[in-house]
Amino acid sequence: MSTVLVIGEIEDGFISDFTRELITAAIALGDTIILGIASSEIDFVKDLTNITGVESLVTISTHSPHFDAEIQRTATDALIDHIQPEVIVMPFNYKAASFAGAIAEKRNLGFATDVVDVYRDSDGLLRIVRPIYGSRVLAEIGFSTQSPVLVLLRASKWEPANVISGVINHTHLEFSAKSVDGLKHIEFIHPTGEIDLKSANIIFSLGRGVGSTENIEKFEVLAEKMGVTLGASRPLVDAGWLPAGHQVGQTGTTVKPNLYVAFGISGAIQHLAGMSGAKKILAINTDESAPIFAVAHFGATVDMMEVAEELNNLL
Amino acid sequence: MKIYVCIKYVAIASKYSEFILNDSDVDPVFLEHQVNEADYAALVEAMRLRDESGEAEVVVVSVGDEKVNEGLRACLALGADRAIRIYSNAISQHDPISVARALSSIIQIENPDIVLCGVQSIDAGYQSTGPVLASSLGRKCVSVASKINWASKFESLQVQRDFEGGLMEVLEVNLPVVITVLPGINEIRYPSFKDTIRAKKMEIKLEEPENLVASQMKIQRVFFKEVSRTVQMIESDPKIVATKIIEMVREAH
């Protein structure tokens, strides 16, 4: 019997889609799947639904109004202590990556992040696949340890496990949060710009290639006319040309539209991580070696402003 | 006051890479090296904090073989005061825990007030060296910083950190601390020719820690990422491209 602990997360009051992707991955690794969630919002989740393959749910309330890496680390550690799993599966995002390595270091676990595949080989040994030396080469990695292995999986690589009817077997653990001395939370800054990238059907996304704020206005007009949502790469937001709410990528919003048109975006890994799940991707960039073309279905090496001009003429 | 900056001299495999010994690794001939961009950004932040405080020293530290000296020299040319290279054949470059423990074994000797790391490397992208280093040093860690400023009397820092979804948080943290830094936190700077020549003569101290725990990670094989998507190129004519976009938008609506 091997037990897999999936460390899930709550998003907008529900168990996140990403958590259900982790469950799908976990099912191939062991026969008992326990979902563990440590969150300040856990008391407010009304619908702790049953999910295919999950034996039981163990929760901890962190009682912390803020995300605090140290509290999250100790709460997650308490879940591991309680379950004693052979494999621990977590989401690969900024929050989880900020404390997962510390757990692995303290407990001397096998450890890997940005895992794109995980399975057991013919001898039942755990194997993971992740990129090395940039994005072109992948490595299959094994662990020499007898201790458990902690893996952080990349989003959108597995189908989310289904929500099913019935009541989930739920245990709540007591936990007293201890925040770190000498760390003061001052304020949260929420993204500005009232746009909904996450549920957008079609996104026109702009990169550095747009060149000027006047050119952005042209795209704003086009987006309005065509009924599409305007996204942007990080450099554009950093330069203050568009509000942060438009940002697609790892520090921005992860999007899965039906159509993603990338105008003048070269495709930094953080950006690709946020948009490669789009159903159709069209990339427009004058540099034919831009990494964006590696994830695009259609591409054109042409000046984006000339295309904007033609779009305007055709509409 | 001492500020340490952890530097990775990243290795990127070229498109034409070949593999060695039953695909156990990429042939090093095909690897292109550079200072990781986020680490470079961390160095520029460290130098600014140093200059504002008026009395700090910036030490760059990197793990790896002699090749890494090239990267450390670039950092010295840019304005780091000292450089340390850490080497041991017990360290696995592919294992962030192995690398962070080696860093910790040397960094703890001088017990710096601030340790800065890049959020992630562009070759491996673990996002873990900083948090593991902090754990190993027994320090608090603030991850994914997009702004760092002195808060008061050079005893604490005000840090803006980013989360997914464009959410940001401002916090104040007392020293000592480990902070991981996003690329884009500052303007990229390049050393002058004169500084590059000057850095050539500077010493890079070699540290060879003993009793490091062997890495638990073992690469079984390497392979090329399958290009599941072959991009279909459209003729480079703005009008044809615009027509295609309109067609695709209609289909997607």
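Since the structure is predicted, the reported quantities are computational estimates derived from the model, not experimental observations. To find a chain, count down the sequence lines: A is the first, B the second, and so on, and within it residues start at 1.
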>> Under a 4.0 Å threshold between the charged nitrogen and the carboxylate oxygen, would B/Lys140 count as salt-bridged to A/Glu70?
In response: no
> Side chain, backbone, both or neither: which part of B/Val119 has a non-hydrogen atom closer than 4.5 Å to chain A?
Replying inline: side chain
> What part of A/Arg73 gets closer than 4.5 Å to chain B, counting heavy atoms only: side chain, backbone, both or neither?
Replying inline: neither
> Among B/Gly184, B/Ser136, B/Ala214, B/Cys141, who wins on heavy-atom pairs under 4.5 Å with chain A?
Replying inline: B/Ser136
>> Quick check for you: among B/His94, B/Glu235, B/Arg101, B/Gln120, which has the greatest number of heavy-atom pairs under 4.5 Å with chain A?
In response: B/Arg101
> Which bit of A/Phe67 comes within less than 4.5 Å of chain B, counting heavy atoms only: side chain, backbone, both or neither?
Replying inline: both
> chain A: which of B/Arg250, B/Gln160, B/Met168 shares the most heavy-atom pairs with it under 4.5 Å?
Replying inline: B/Met168
> Is any residue of residues 145-152 of chain B within less than 4.5 Å of chain A by heavy atoms, and which ones?
Replying inline: B/Ser146
> In residues 12-34 of chain B, which residues are in contact with chain A at a heavy-atom separation under 4.5 Å?
Replying inline: B/Ile12, B/Ala13, B/Ser14, B/Lys15, B/Phe19, B/Asp25, B/Val26, B/Leu31
> Top residue by heavy-atom pair count (under 4.5 Å) with chain A, among B/Leu133, B/Asp162, B/Val249, B/Val213?
Replying inline: B/Val249
> Any side-chain heavy atom of B/Pro96 within less than 4.5 Å of one from A/Phe111?
Replying inline: yes
> Does A/Leu183 reach the side chain of B/Val142, with side-chain heavy atoms less than 4.5 Å apart?
Replying inline: yes
> So, B/Lys239 and A/Glu310, do they make that salt bridge, N to O below 4.0 Å?
Replying inline: no
>> Is A/Gln247 in contact with chain B via its backbone, its side chain, both, or neither, using a 4.5 Å heavy-atom distance?
In response: neither
